[in-house]
Amino acid sequence: MACNSDTERAAAASASQSSSSPLLTSQDHQSAASPAAEVAEPPVFDSSSSIVTNSEDNPSPPSTELEIPIGWPPDGKLSLNWIRNLMSVFDWASRNIKPTQLPDVFPVEVFDSLVLCASKILHKEPNCVAIDNLGSESTVVVVGDLHGQLHDLVFLLHDAGFPSENRFFVFNGDYVDRGAWGLESFLILLAWKVFFPRNVYLLRGNHESKYCTSVYGFEKEVLTKYSDRGKHVYRKCLGCFEGLPLASIVGKHVYTAHGGIFRHIPATPKRSKGKKNRKIAFSPEPSSLSIGSFEELNKARRSVLDPPWEGSNLIPGDVLWSDPSMTPGLSPNKERGIGLLWGPDCTDNFLKKFQLKLIIRSHEGPDAREKRPGLGGMDEGYTIDHIVESGKLITLFSAPDYPQFQGTEERYRNKGAYIVLGPPNFDNPVFHSFEAITPRPKANAFYNFEEVIDSDEELDLASMVTSP
């Protein structure tokens, strides 16, 4: 199977940059969202708006018809138009067809081809990707949690500008769960990764795991949408999650990861001769905790979805699950039962140790921040948690009006945000907050949101250690 070459991507880059006129605006959705229907008329697409409606609802002549069902390109090479069509078809499908009809617009064979191409790229990337091929015209867009909020993702991509030769994207994980369109959101990002593998980076979040997706809806979403092929599609998604890198360094001065910093793992003593079957458990005391190195991070085993959080697997657990604190020091994250809590002194030490200026992490939405005294809320989609001598620590959350399904009438109504980093040093964050696209198409939750806890705390960690 052929995937895109660098030459073909470069040829499409100018076209990608020319797509700066947004196809999607909040106002468009507020004025023209169409209700869901069991049987929809053939869709049409007006290039001045991403709203796809039935032809009878659109009085103006369509400029382009959507290509449904989506087919895999005969040469196996994605184009900008293919991705734009994919985004528009998913938007239309979310408003006009039942979830069980998704295979009619995105066949499982196309899913297989896309995931295979993306997985080949992802599995070759190191645990911590270096984004250093930046020029004087480059910008880097950093994105936080998305949680299956398809319409907000599509808005963000248009608002920030599509990936291009000079516009890089770093996504900080948590693409799925809780929202009704985790699969569509993840597939859109995989398509961009295949099209621009050196300009789009997809990091792993704690929800890209077997345990979380079984609790917070993604597994049920996939099984519902692809019915008899659902188990196959879900397994392929889990395999793709295994390949997602854990962190990135942007330029030379910015570290991004879903949860945050990570610990040093002291070397375990060598086994004595004649005791081959003896297992050595390592569980460091809190007083012995110290910040790890990037050499350790890159040696960590990321190809497990739900490891026991011990030994060498502690580092992925830290990167995906840790949280900042206003209390100095490095300690186990007892609130989550996994990962670390680190104070401003640790942020300063981490930045100083690795000559960094900025940490951008995600992982905490308005529900989690409500329970965190001393730290800012998520009303604007970001918080600046630590300001220290060496730089800053920022928490970034890109899912507005989160979570999509809530058991109370009063909602958080938070904004989402993304960050733009620009030359010369790419360490001065420019924040872009945005409102949720409203109204969202009607959808049913794929998990019991009234009973399942909201903020990943008090998890059944024993159940997380799953068999292969």
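For the numbers below, each heavy atom of this structure counts, side chains included, while hydrogens, waters and symmetry mates do not.
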Report summary line: Exactly one candidate in F171, Y201, Y175, F162 meets ring pair (Phe, Tyr, Trp, His ring centres under 6.0 Å) with W192; the answer is F162
Requested in this report: Could you pull out all residues at least two apart from K236 that satisfy side chain to side chain contact (heavy atoms under 4.5 Å, CB included)?
Outcome: F111, D112, V115, H232
Query raised in the report: Residues in ring-ring contact (aromatic ring centres under 6.0 Å, His included) with Y226, at least two apart?
Result: none
Requested in this report: Assess K415 against F434: is NZ or CZ under 6.0 Å from the centre of the six-membered ring, and within 45 degrees of the ring's axis?
Outcome: no
Query raised in the report: Once you round to the nearest 0.5 Å, how far does SG of C346 lie from CG of L340?
Result: 9.0 Å
Query raised in the report: Hey, would you say the Y255 and F350 ring centroids sit under 6.0 Å apart?
Result: yes
Query raised in the report: Does the ring center of F196 lie less than 6.0 Å from the ring center of F169?
Result: no
Report task. For D228, look at atom CG and say whether over 12 heavy atoms of other residues, nucleotides or ligands are found less than 6.0 Å away. Result -> yes
Report task. Under the side chain to side chain contact (heavy atoms under 4.5 Å, CB included) rule, collect the residues that match up with N414, sequence neighbours excluded. Result -> P366, F397, Y402, Y412
Query raised in the report: N448: what forms a side chain to side chain contact (heavy atoms under 4.5 Å, CB included) with it, not counting sequence neighbours?
Result: E450, E451
Query raised in the report: So which of D323, D145, D318 actually passes salt bridge (charged side-chain N to carboxylate O under 4.0 Å, His left out) with R361?
Result: D323
Query raised in the report: R413: what forms a salt bridge (charged side-chain N to carboxylate O under 4.0 Å, His left out) with it, not counting sequence neighbours?
Result: none
Requested in this report: Identify, with sequence neighbours excluded, every residue that meets side chain to side chain contact (heavy atoms under 4.5 Å, CB included) alongside T383.
Outcome: R369, M378, D385, T395
